[in-house]
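Quick caveat: nothing in here was measured; it's all calculated off a predicted structure. Quick note on labels: first sequence line is chain A, next is B, and so on, each numbered from 1.
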Number of protein chains: 2
Amino acid sequence: MSMDQDLYLQNQLCFKLYTASRLVIRGYQPMLKDLGITYPQYLVLLVLWQANEQGQLPLSLKALGSRLHLDSGTLTPLLKRMQQLGLLSRVRSEQDERQLQIALTEQGIALAPKVKKWRETLSEGLACQQQALTQMAQQLDQFIGLLETE
Amino acid sequence: MSMDQDLYLQNQLCFKLYTASRLVIRGYQPMLKDLGITYPQYLVLLVLWQANEQGQLPLSLKALGSRLHLDSGTLTPLLKRMQQLGLLSRVRSEQDERQLQIALTEQGIALAPKVKKWRETLSEGLACQQQALTQMAQQLDQFIGLLETE
DNA sequence: ATCAATTATATTGTGCACAATCTAAATGAG
DNA sequence: CTCATTTAGATTGTGCACAATATAATTGAT
């Protein structure tokens, strides 16, 4: 009847990641509610804001998906909802009609400064832990790197 | 037009957590497919296996939910599916009819040794990184602690 | 004892994730 | 050129997450 502690929930790295991720997303809810978007939609905007600043818009759905590690089954309906909200445009490429070109609208661009203000608030609660957070972020980068290349 | 790098996707701890979590879950798919369950169902089994070993079964839905940080909206349908699979039982408490008592069936108990075997395979790929993983696990524990008590 | 408040779970509705499959456009070897 | 192959997205179906609300059992103050 004995089972060793390999199978205890609290010893599982996968569970820690899953929990930490969900709790962090919960922390974003006040901001997301204010912006009228969801968390994955916020991640899409982060990609598009950076691409916009670097003159890389429009971005194909595939390019967006590879940055987020999400496929068309997830992104197609998500991007349609964001289009409905007026945050982005979805247009077929003329050179290659298979490709869907995603670009920001003025309304989508206009959310960036709001997020900047919210982030100043968000970070206060964790500011004292800055060094630990930086270290964890580095380790997560290494870890994700391992998983990506497998 | 300049936006500083606070809003770059790859600088967001939240995105790293979200990605790492999803990629790890993908790594579990071969095992989960073999067992015929999903990842959240696997986490439920981890809780129940440990509770069983410690003589704590049955567990109320609330007790299960507090360990997993999940509420009844998620767990009620999930546990019904696991009941359909024959992995656990759902019975109302006689002392307090509001409570739903969850217990393992023989079939649910029988999956544990299969998981043990799969875990030996899974860990091989990451074994060389053991120290880094342990350190990250500790940091995630601290981090989750911060988020839980807020 | 009674009823307002609390507690445990269920239900409803929205939005991801993701596997599996489908469609249509582009490519490339012959 | 032509047809098999590849590629980009869309679609379908299942199963979470979670907010909001509903329901029914229990508790507690009076």
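- More than 12 heavy-atom neighbours from other residues, nucleotides or ligands sit within 6.0 angstrom of CD on A:Gln54.
- Using a 4.0 Å cutoff on non-hydrogen atoms, the parts of residues 61-75 of chain B near DNA chain C are B:Leu61, B:Lys62, B:Ser72, B:Gly73, ordered by number.
- B:Ile37 places its CD1 atom 16 Å from the P atom of C:dA19, with the value rounded to the nearest Å.
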Going through the checks in order, is the side-chain contact (heavy atoms from CB on, under 4.5 Å) test met by A:Met82 and A:Ile102?
CA-CA 11 Å; A:Met82 293 182 77; A:Ile102 314 294; over 6 Å; no

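- Across the protein-nucleic acid pair, B:Arg22 atom CZ and C:dA19 atom P stand 10 Å apart, rounded to whole Å.
- Toward the 5′ end of DNA chain C lies the nearest nucleotide of B:Arg90, the other residue of the pair B:Arg90 and A:Arg81 mapping further downstream.
- Between B:Trp49 and B:Tyr42, the angle of the ring planes goes over 60°, which puts this pair in the perpendicular group of the 30/60° scheme.
- Between A:Arg92 and C:dA26 there is no side-chain N or O to OP1 or OP2 distance below 4.0 Å.
- A close approach under 4.0 Å does occur between a side-chain nitrogen or oxygen of B:Lys33 and OP1 or OP2 of C:dA20.
- What separates CD of B:Gln101 from P of C:dA10 is a distance of 12 Å, to the nearest Å.
- For the atom pair NZ of B:Lys62 and CG of B:Asp71, the computed distance is 10.5 Å after rounding to the nearest 0.5 Å.
- When atom types are taken as modelled, the side chain of B:Arg22 and the backbone of A:His69 share a donor-acceptor pair closer than 3.5 angstrom.
- Counting 5' to 3', DNA chain D first comes under 4.0 angstrom of a heavy atom of chain A and last does so at the ends given by D:dT7 to D:dA20.
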Worked verdict on A:Lys16 versus B:Phe143 for side-chain contact (heavy atoms from CB on, under 4.5 Å)
CA-CA 10 Å; A:Lys16 295 179 203 293; B:Phe143 187 58; over 6 Å; no

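- Between A:Tyr18 and B:Tyr39, the ring planes are perpendicular. Angles over 60° get that label, and only those under 30° would be called parallel.
- Annotation: of the two residues near DNA chain D, A:Gln99 and B:Arg98, the 5′-most nearest-nucleotide partner is A:Gln99.
- Identified under the salt bridge (charged side-chain N to carboxylate O under 4.0 Å, His left out) test for residues 97-106 of chain A, with sequence neighbours left out: A:Asp96-A:Arg98.
- Residue-to-nucleotide proximity on DNA chain C shows that, of B:Tyr18 and B:Lys80, the 5′-proximal contact is made by B:Lys80.
- Side-chain N or O atoms of A:Asn52 include none that pairs as donor or acceptor with a backbone N or O of A:Leu104 at under 3.5 Å.
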